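Numbering of ligands and ligand atoms starts at 1, following listing order. Numbers for residues simply follow the sequence, beginning at 1. Keep in mind that what you see is a predicted model, and the values were worked out from it rather than measured.
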Amino acid sequence: MEWWRGAVLYQVYPRSFQDSDGDGVGDLKGLIRRLDHIAGLGVDGLWLSPVFASPMKDFGYDVSDYCAIDPLFGTLDDFDTLVAEVHARGLKLIIDQVYAHTSDAHDWFRASRHDRTNARADWYVWADAKADGSPPNNWQSVFGGAAWTWDARRGQYYMHNFLASQPQLNVRNPEVQDALVDVTRFWLDRGVDGFRLDAINFAIHDDALTDNPPDLRPGPRTRPFDFQLHLYNQSQPEIPAFLERLRQLADTYGDRFFVAEVVGAEAEAEMHAFTQGRDRLHSAYGFNYLYARALSAELVAETVARWPGAEGEGWPCWTFSNHDTPRVASRWAAGRDPDAVARLAMLLLMTLRGNVLVYQGEELGLPQAEVPFERLVDPEAIANWPLTLGRDGARTPMPWTAEAPFGGFSDVEPWLPMDPQHLVRAVTVQQADTGSMLALTRRLIALRREWPALRLGRMTVLEATGPRLVFRRDDGEQSLICAFNLGEAALDWPAPPEGRLVTGVNGGEGRAGHLPPLAGQILDLSS
Ligand code: NOJ
């Protein structure tokens with residue numbers, strides 16, 4: 001079986017993991033120092049958010065040199081050491097690649113904006129103004145405002161799906177594809193085990209620059225982007241052919257792994273398109289759980305129904321928390337105990353079919369951090385305050401040592417504040433406590449490893465009504481039933497009498513069939 005199938009990957013947001021040089025920002029040497037924490041969780045590997053040269057306008061998702069490490073994080077030598085140290089611990093290293101856009105400080109864009117005839121003139125998405133000087137069409141950027149910015153030198157607009165400082169690459173252009181394939185090769189040669197492809201469904205736009213139609217469905221509209229159906233600025237049918245090129249290259253290096261980030265309301269279809277068969281990507285994740293304001297049994301049933309395991313179907317990936325959304329313990333708490341929600345969420349995550357991603361701090365049950373307006377740094381948060389994605393509050397530093405200044409993350413005030421609610425949940429506080437969230441996370445990750453039914457097995461929802469969620473995981477001789485109470489009142493469910501209680505959370509470990517509020521339990525039917 002491929003190493004990545006069903007694997008648990010731990011996401012490191014490097015700015016906030018461990019500072020080693022006293023500048024208040026995490027770095028590669030700091031991460032290397034803390035690798036034993038990651039290995040100690042029992043995960044299969046880590047996904048490292050971008051560490052490449054960048055003006056950091058979008059905190060590394062605006063790359064100015066794909067093949068250089070930003071000095072803030074260290075050097076290429078530090079990166080090579082990281083690869084070796086990760087591998088020495090039996091872990092895999094997945095790096096983040098941002099192929100839909102670059103920074104405006106990238107040499108490719110500097111050349112491209114120079115005039116309309118240079119060698120890179122067609123490497124980005126350029127278009128003339130309309131007769132009245134307004135942008136070529138109605139496309140809006142994800143972070144707010146038009147998706148077009150005027151450039152006086154070319155006398156044209158360039159397109160950007162995110163910040164104006166993140167110009168959209170013209171990935172339709174075969175030369176751009178060649179350059180990106182070369183970047184992939186560069187990192188494969190340095191020994192990485194795989195890639196997370198950032199916002200890859202934004203990689204190709206409609207060549208005719210057709211206006212997007214309005215989205216007339218009811219729903220929250222925080223930004224102009226929310227008013228449109230994104231039929232033309234992204235998600236074009238040519239994307240899979242580009243992904244096939246990447247896969248072909250990676251396959252020449254052996255058992256490498258790609259996971260796509262797929263953003264948007266229609267992500268499911270694209271996740272399927274990007275992963276189907278054996279020539280495209282291995283896996284993809286959408287925002288089903290990441291943007292869910294509440295956890296419901298229907299939500300889980302819906303995602304399971306969309307990935308029935310049909311012939312030729314790809315392999316999904318799930319994540320509840322990351323650097324782009326409020327932390328799950330708070331988002332799903334709805335006035336309830338965030339620690340109990342964190343435990344329930346971890347049990348559910350470890351019982352899902354697919355790959356799973358654990359975001360740094362999720363193993364400690366960290367709630368969303370309070371970041372006062374004056375300390376916000378995320379341009380999205382500042383532009384859309386107070387209706388923001390809450391990314392800063394999900395990106396604050398890791399609390400390592402409760403008593404140390406700044407939680408042991410840095411010797412100086414970190415780039416985002418350390419929340420006192422995080423200090424009481426620091427690694428040192430939880431380390432020695434067998435009843436802690438950290439200990440539970442280790443146990444549940446180990447369980448997923450021990451039981452192929454959890455890691456690889458079929459998933460069948462038996463009940464998803466109201467607060468009650470019951471599903472089966474089957475693999476060969478193994479059969480497990482996982483039952484959850486997502487509500488506030490205790491409930492009993494008809495547990496099969498032959499079922500042996502394997503584990504549980506929030507009181508679900510007590511008696512088969514009985515689930516206190518927010519409890520979950522796993523029963524073994526195979527013995
Ligand atoms: C998705 C990344 O996760 C997010 O942090 C970033 O802002 C956008 N893509 C743009 O690259």
Side-chain angles (χ1 to χ4, degrees), residues 9 11-17 46-64 66 70 94-106 109 124-125 139-145 147 159-169 171 180 183 195-205 222-223 225 230 233-235 239 258-265 267 270-271 274 284-291 317-327 357 359-360 376-384 388-396 415-416:
L9 297 173
Q11 183 194 351
V12 173
Y13 192 69
R15 295 183 71 89
S16 292
F17 203 59
L46 51 145
W47 148 31
L48 178 61
S49 281
V51 287
F52 315 106
S54 163
M56 303 289 164
K57 298 273 172 49
D58 192 21
F59 301 103
Y61 285 95
D62 48 328
V63 179
S64 56
Y66 286 107
D70 196 277
I94 307 300
I95 59 169
D96 222 312
Q97 294 286 277
V98 189
Y99 291 162
H101 45 265
T102 68
S103 158
D104 58 354
H106 197 294
F109 187 69
Y124 292 83
V125 182
W139 296 350
Q140 299 294 315
S141 77
V142 175
F143 293 154
M159 187 214 164
H160 47 88
N161 276 307
F162 296 90
L163 297 174
S165 54
Q166 291 168 300
Q168 175 72 23
L169 274 168
V171 183
L180 294 174
V183 170
F195 303 90
R196 177 249 187 201
L197 298 182
D198 182 77
I200 198 67
N201 59 327
F202 282 86
I204 297 188
H205 65 290
T222 323
R223 314 153 291 182
F225 185 79
H230 305 111
N233 63 299
Q234 59 183 84
S235 304
I239 297 175
F258 280 107
V259 58
E261 181 207 31
V262 186
V263 192
E270 291 185 291
M271 286 168 70
F274 295 174
Y285 75 86
F287 279 60
N288 316 54
Y289 292 107
L290 286 170
Y291 279 168
C317 177
W318 306 112
T319 174
F320 293 170
S321 266
N322 72 17
H323 64 293
D324 287 333
T325 58
R327 285 189 175 274
L357 307 175
Y359 181 46
Q360 70 182 42
L376 291 179
V377 290
D378 178 20
E380 188 286 327
I382 295 166
N384 300 307
T388 80
L389 297 174
R391 306 199 305 178
D392 283 323
R395 296 175 175 181
T396 57
W415 70 290
L416 281 171

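Considering only residues two or more places apart in sequence or on other chains, Tyr61 meets the side-chain hydrogen bond (donor to acceptor under 3.5 Å, both in side chains) condition with Ser49, Asp96, His323.
The pair Asp70-Arg15 does not count as a salt bridge, with every side-chain nitrogen at least 4.0 angstrom from each carboxylate oxygen.
Within 4.0 Å of ligand 1, contacts by protein heavy atoms are made from Asp58, Tyr61, His101, Phe143, Phe162, Arg196, Asp198, Glu261, His323, Asp324, Arg391, Arg395.
Ring pair His101/Phe202: centre-to-centre distance not below 6.0 Å.
The shortest side-chain heavy-atom distance between Tyr99 and Leu169 does not fall under the 4.5 Å cut-off.
Nearest approach of His160 to Gln166, heavy atoms of both residues: CB-O, 3.4 Å.
The aromatic rings of Phe225 and His230 lie parallel to each other, with less than 30° between the two planes, well short of the 60° mark.
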